[in-house]
Amino acid sequence: MAESPITILQRQRALLQAEYAYEKAEFQRLTEATGIERKVERGVAWYPLTLGRSYHNSLDQLVVEVRRQTPSPLPLKGEGGHHQEGLTSAGHSTLPLEGERGGGLEPSLFEPGKPVCFFSQDASGDRHGTGGLLHYYKFVAQVSYVEDNLMVVALPSPDALEQIRDAYRLGVQLYLDEQTYRLMFEALDDVISAKTGRLADLREIFHSTLPCGKFTFDAVRFPWLNTSQQAAVNEVLWAKDVAVVHGPPGTGKTTTLVEAVYETLRRETQVMVCAQSNMAVDWISEKLVDRGVSVLRIGNPTRVTDKMLSFTYERRFESHPLYTELWAVRKAIRDVYASKSGSSESRHQKIARLKDRATDLEYTINQALFADAKVIACTLAGSANRLLTGMKFGTLFIDEAAQALEAACWIAIRKAHRVIFAGDHRQLPPTIKSPEAMRGGLDKTLMEYIVENKPRAVSLLTVQYRMCDTIMQFPNREFYGGQLTSAPEVKYRGILDWDTAVEWIDSTPEDSGESASGLSRVNYTEAELTLASLQRYFEKIGKDRLLEENVDVGIISPYKGQVRLLARLLKRDKYWKPFRRLITVNTVDGFQGQERDVIVISLVRSNEQGDIGFLRDLRRMNVAITRARMKLIIIGDKATICRMPFYRRLAEYIDEQW
């Protein structure tokens, strides 16, 4: 007998509780037992800091600028650093190479919206954080903006600013995001307890075999889309309850989703568009703006460009004609609080009058902003923003839904009548840290449940525009049932004549061996082989052509330790200096949603036991392989890795191409 929807959700809640408990324990351990240098290397802390200016932003938050200082370089071979594998896509930034902005600094997992705490070290420690007691300040702040070495942090009070201004050797560390957990628990409780209404209906439809409703009007033609994309947009328009746009790599998922949003807005006055990460929300928002759609971005944008700022709530709020008056009223309130003149009663009355005026102005501005917007864009957690209180939407679009925890989706679904999911459950899943939660299936997303229960609600995009056919065919066979085809313009493209688009260079155990590096893995000899192989390919292409045609390259490893090692080897060797702007080094997670002309993958694992650890997650390998447009080079110890049937089939497929 099938489980009831409520039982499924109750199990999800218990698993989420296990994940929360695990994260709390890990945060406690990180805070108490992990040295500053390791925190900095893992990207979860900046130390030492210098404080910059402080001011009130458009949301009337007190913010302060902090800047991280350049640490001393760490040794290359046999490095003693500690690294973390399997971080979220949002948390990975491209490691900067020499000559680029931020060169010499560790990668950072800070991003807008994340909670942080400040700490200081007493005078007995050194500037690297070795020795000396740490003092954590008893307030939680939030990242407002971060780029390269500069971060703007929103503080809870002026007193918090005074505390850190007097600090000796100040640092900042990521804090446990308890707010998002609280929102997820609240959403699950609401869904579980719903007896009637649309929320109860969607719960039963999503987690049972109940049929979804469909409208029956004639299909709309979109000549600029391919056949599968047109079908997907029409399925979105026909859906009364739910639809899924399944977009494998390079199939134009974003293009299709933007068209679906645009066409939906011919029938509805306003929709909500969400994604798990700020970066994903920014990406779909920019594409909607390009299509001529009026977007109001709620929350914390990560791509802080002029274009990005133009549709953020903060920028539009500041641009409203009434904002100048509101700013003056807010300043007057702060001045009265700081003033000692007059009686306390008169000051209290004046503050009350000013606050009433400020509230009226805010309400008027907000009404105007939301009335003008066709799309409200935010993260799933951001849909609980106070600005959206009480708002309901006919349609909710969730992009990158295969990377979002089910509980996070329900935060936004509570505001919607119907839901459109877009993503690819054959690529990266949500990141789960608790082994118990992982075993229990917390990483199974709501989109996956719907794909299983409602196959007729799923539209697969079948034409891909990224990879040449030779690269595409293996993931097509392994992950997509052979249903994909390559667009004619990419099917046979390549960089060199008489070249093979895929190759596997064997790093045999005699030449190669993995070693642990903190929480990650490195393989020094394989890293050197990786760069030597890329150099040979570069020499075949020729320096002039590489630079003139901007042939871009991605070097990927599933292991953070190997990524760090490869980045340092690139910086050390003068050969790469002319090409560094063309080369990106990152983890698989960091390359999600990206593509390059050439992809080189260092698999790292090499041992007699045949233990491949992290490489067992085949969805990550699907992401790595499908980043390549014209050339894919895999570096790895076949004797170790090909004990797993998937990799054996991959090696055999590549051998067939030669």
Side-chain angles (χ1 to χ4, degrees), residues 8 12 15-16 19 86-92 184 206-207 228 232 235-236 239 242-258 260 273-284 379-381 383 396-413 419-433 437-438 441-455 457-462 464 466 475-476 478-481 483-484 587-595 617-627:
I8 293 170
Q12 282 277 315
L15 293 172
L16 187 65
E19 176 76 358
L87 297 170
T88 64
S89 61
H92 285 292
M184 288 193 289
F206 291 175
H207 280 297
S228 66
E235 289 294 341
V236 168
V242 64
V244 175
V245 178
H246 180 190
T251 54
K253 172 184 66 69
T254 301
T255 299
T256 307
L257 191 60
V258 166
V273 175
C274 292
Q276 174 71 15
S277 68
N278 277 300
M279 188 173 294
V281 178
D282 293 343
W283 178 251
I284 187 70
T379 62
L380 291 164
S383 67
L396 164 67
F397 292 86
I398 302 179
D399 195 14
E400 301 295 353
Q403 286 188 271
L405 288 174
E406 174 169 354
C409 290
W410 284 111
I411 299 172
I413 293 172
V419 187
I420 311 302
F421 296 89
D424 181 9
H425 53 290
R426 300 299 187 182
Q427 294 189 63
L428 292 178
T431 298
I432 307 299
K433 298 175 183 177
M438 176 64 80
L442 184 61
D443 64 332
K444 186 170 183 178
T445 64
L446 187 52
M447 177 176 157
E448 284 185 82
Y449 276 111
I450 293 164
V451 169
E452 287 181 6
N453 294 330
K454 305 285 182 293
V458 181
S459 298
L460 176 69
L461 305 182
T462 58
Q464 69 85 23
R466 175 184 299 166
N476 181 30
E478 292 287 326
F479 297 101
Y480 304 107
Q483 297 180 76
L484 305 186
T587 60
V588 180
D589 299 60
F591 266 99
Q592 173 81 338
Q594 300 185 41
E595 57 187 76
D617 188 345
L618 301 184
R619 288 174 292 188
R620 278 189 163 78
M621 190 49 52
N622 183 31
V623 172
I625 291 171
T626 56
R627 300 310 93 192

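Because only heavy atoms are used, hydrogens play no part in the values below, and waters and symmetry mates are left out as well, while side chains stay in. The shown structure was predicted, so the numbers you read here are calculated from the model rather than taken from an experiment.
- Screening L484, T626, L618, I625 against F479 for a side-chain contact (heavy atoms from CB on, under 4.5 Å) leaves a single residue, L618.
- Taking both residues in full, the closest heavy atoms of A407 and M184 are given as CB-CB, 3.7 Å, listed atom of the first, atom of the second, then distance.
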* Step-by-step side chain to side chain contact (heavy atoms under 4.5 Å, CB included) determination, M279 to Q592 -> CA-CA 11 Å; M279 188 173 294; Q592 173 81 338; over 6 Å; no

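- When each of T254, T255, T256 is checked for a side-chain contact (heavy atoms from CB on, under 4.5 Å) with V258, only T254 meets the rule.
- Here the closest heavy-atom approach between residue I432 and residue L405 is recorded as CD1-CD2, 3.6 Å.
- In this structure, the separation between CD1 on I398 and CG on L257 is 11.0 Å, given to the nearest 0.5 Å.
- Across all non-hydrogen atoms, the minimal contact from H425 to H246 is CE1-CE1, 3.5 Å.
- Taking all atoms of both residues into account, the shortest heavy-atom contact from V623 to R627 is O-NE, 2.6 Å.
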* To do: Run the numbers on D399 and K253 for side chain to side chain contact (heavy atoms under 4.5 Å, CB included), then give the verdict.
  => CA-CA 9 Å; D399 195 14; K253 172 184 66 69; 2.6 Å; yes

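- N476 contributes atom CG, which lies 10.0 Å from atom CG of N622 (distance to the nearest 0.5 angstrom).
- Looking only at side-chain heavy atoms (C-beta outward), Y480 and P249 come within less than 4.5 Å of each other.
- Within the model, atoms OG1 of T251 and CZ of R466 stand 8.5 Å from one another, a figure rounded to the nearest 0.5 Å.
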* To do: Could you walk me through whether I413 and L446 pass side chain to side chain contact (heavy atoms under 4.5 Å, CB included), step by step?
  => CA-CA 11 Å; I413 293 172; L446 187 52; 3.6 Å; yes

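- The main-chain N or O of G590 is found under 3.5 Å from a side-chain atom of Q594 such that the two form a donor-acceptor pair.
- Of the possible donor and acceptor atoms, none in the side chain of E448 sits under 3.5 Å from a partner among the backbone N and O of A402.
- Interatomic distance, CG of L428 versus CG of D443, reported as 12.0 Å (0.5 Å rounding).
- Across all their heavy atoms, Q12 and G441 have their closest contact at NE2-O, 3.7 Å.
- One finds the SG atom of C274 at 9.5 Å from the CD1 atom of I411 (value rounded to the nearest 0.5 Å).
- For the pair S228 (side chain) and T462 (backbone), a donor-acceptor distance under 3.5 Å is present.
- At least one donor-acceptor pair under 3.5 Å links the side chain of N453 to the backbone N or O of F206.
- Nearest approach of M447 to A422, heavy atoms of both residues: SD-C, 4.4 Å.
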* Would F421 and T445 count as a side chain to side chain contact (heavy atoms under 4.5 Å, CB included) if you check the C-alpha gap in whole Å, the side-chain angles of each, and the deciding distance to 0.1 Å? -> CA-CA 11 Å; F421 296 89; T445 64; over 6 Å; no

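- To the nearest 0.5 Å, atoms CD (Q403) and CZ (R619) are separated by 10.0 Å.
- No hydrogens or angles considered: a donor-acceptor pair under 3.5 Å links the side chains of E406 and H207.
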